Amino acid sequence: MLERVAVDEAVRELRPDFAVLVMIAEGLGNGPSDQASEGWLTEAAQKADASDPHVEAWREAYRAFGAKPQRTRPSVDALLRRVEALPAINRVVDAYNAVSVEYALPIGGEDLDAYQGTARLVRATGDEPFDVIAGGEPAVEHPNPGEVVWRDDQGVTCRRWNWRQCVRTRLTETTKNGLFLLERLEPYPIDRLTEAGDRLAERLRTISPDVRIETRLIGGR
């Protein structure tokens, strides 16, 4: 998967400054949130900076493909607005959410084993299925034409770049192999992006000492 993750040319034309650090972690031993993972969230909240220019860069990117960032916020914007009460989900999700808040960086975490084919970032046609829970029941939505989405062979895995993940590939307490996407726009420094990746890898190794981690940087200039 790692070498086949792709960013479509139409997305590069929209934001040539986009870069993503792709991380695959195999052999995770996830579980319920604990004192350590909740401590990471508390520590991150104390370092949070909602005025980081990276947040506004993501709002601009959303506007560029027709989304309204006040209504459907970039993931890092949404998290930074909740720093007073960051939700504890499970150990691995807590780990990447804490890094996201600390580094003002959108990070997505997915169950690698739930993927059909490889992950790729594209502009949607509008026909792709997106699995959700609506009213407590499974349902299918579709992205808007031209919307930037992550997808695999089965459908959309994350809408509006990093706004909302699908149910099918979400990371749960039983996830063994994870895919993490750390996404950057200018003026965010590439070295800060890689530092955030190192911090996430460190946290994953704390959770699962035997985890095997590989990374690949796509884009950046």
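Bear in mind the structure is a predicted one, so any value in this text is a computation, not a measurement.
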Query raised in the report: If every non-hydrogen atom of Ser37 is compared with every non-hydrogen atom of Asp34, which pair is closest and at what distance?
Result: N-OD1, 2.9 Å

Requested in this report: Please step through salt bridge (charged side-chain N to carboxylate O under 4.0 Å, His left out) for the pair Asp113 and Lys176, ending with a clear verdict.
Outcome: CA-CA 8 Å; Asp113 296 327; Lys176 300 300 182 185; over 6 Å; no

Query - Shortest non-hydrogen contact between Leu41 and Asp94, atoms and distance - result: CD2-O, 3.7 Å

Query raised in the report: Is there side-chain contact between Arg120 and Asp153, with at least one heavy-atom pair below 4.5 Å?
Result: yes

**Report entry** Aromatic ring proximity Trp161/Trp58, centre distance under 6.0 Å
**Finding:** yes

Query raised in the report: Just checking, is any N or O donor in the side chain of Asn162 or Tyr62 under 3.5 Å from an acceptor N or O on the other one?
Result: yes

**Report entry** Distance-minimising heavy-atom pair for Arg203 and Trp40
**Finding:** CD-CE2, 3.1 Å

Report task. Could you tell me which non-hydrogen atom of Ala95 sits nearest to which non-hydrogen atom of Ile207, and how far apart they are? Result -> CB-CD1, 4.1 Å

Query raised in the report: Will you find, in the side chains of Glu195 and Tyr103, an N or O donor that is under 3.5 Å from an N or O acceptor?
Result: yes

Requested in this report: Could you label the plane-to-plane angle of the Phe180 and Tyr96 rings as parallel, tilted or perpendicular, counting under 30° as parallel and over 60° as perpendicular?
Outcome: perpendicular

Query raised in the report: Under 3.5 Å, is there a donor-acceptor pair linking the side chains of Asp111 and Thr169?
Result: no

**Report entry** Over 12 foreign heavy atoms within 6.0 Å of CZ, Arg63
**Finding:** yes

Query raised in the report: Can you tell if the side chain of Pro69 reaches within under 4.5 Å of the side chain of Pro74, non-hydrogen atoms only?
Result: yes

Report task. Could you tell me whether the side chain of Val211 reaches within less than 4.5 Å of the side chain of Glu26, counting heavy atoms only? Result -> no

**Report entry** Minimum side-chain heavy-atom gap Ile213-Ile24 below 4.5 Å
**Finding:** no

Query - Taking every non-hydrogen atom, the tightest pair across Glu186 and Asp17 - result: N-OD2, 2.9 Å

**Report entry** Among Thr174, Thr172, Asn30, the one residue meeting side-chain hydrogen bond (donor to acceptor under 3.5 Å, both in side chains) with Asn90
**Finding:** Asn30

Requested in this report: Establish, from distance only, whether the side-chain atoms of Trp150 and Glu183 form a donor-acceptor pair under 3.5 Å.
Outcome: yes

Query raised in the report: Should Gln165 and Thr157 count as side-chain neighbours, where that means a heavy-atom distance under 4.5 Å?
Result: no

Query - Salt bridge present between Glu141 and Arg164 (N-O < 4.0 angstrom) - result: yes

Query raised in the report: Hey, are the side chains of Leu80 and Val101 touching, using non-hydrogen atoms and a 4.5 Å cut-off?
Result: yes

Requested in this report: Tell me whether Leu14 is reachable from Leu121 by hopping between hydrophobic residues (I, L, V, M, F, W, Y) whose side-chain heavy atoms are closer than 4.5 Å.
Outcome: yes

Query raised in the report: If you look at every heavy atom in Ser75 and Ile107, which pair is closest and at what distance?
Result: OG-N, 4.2 Å

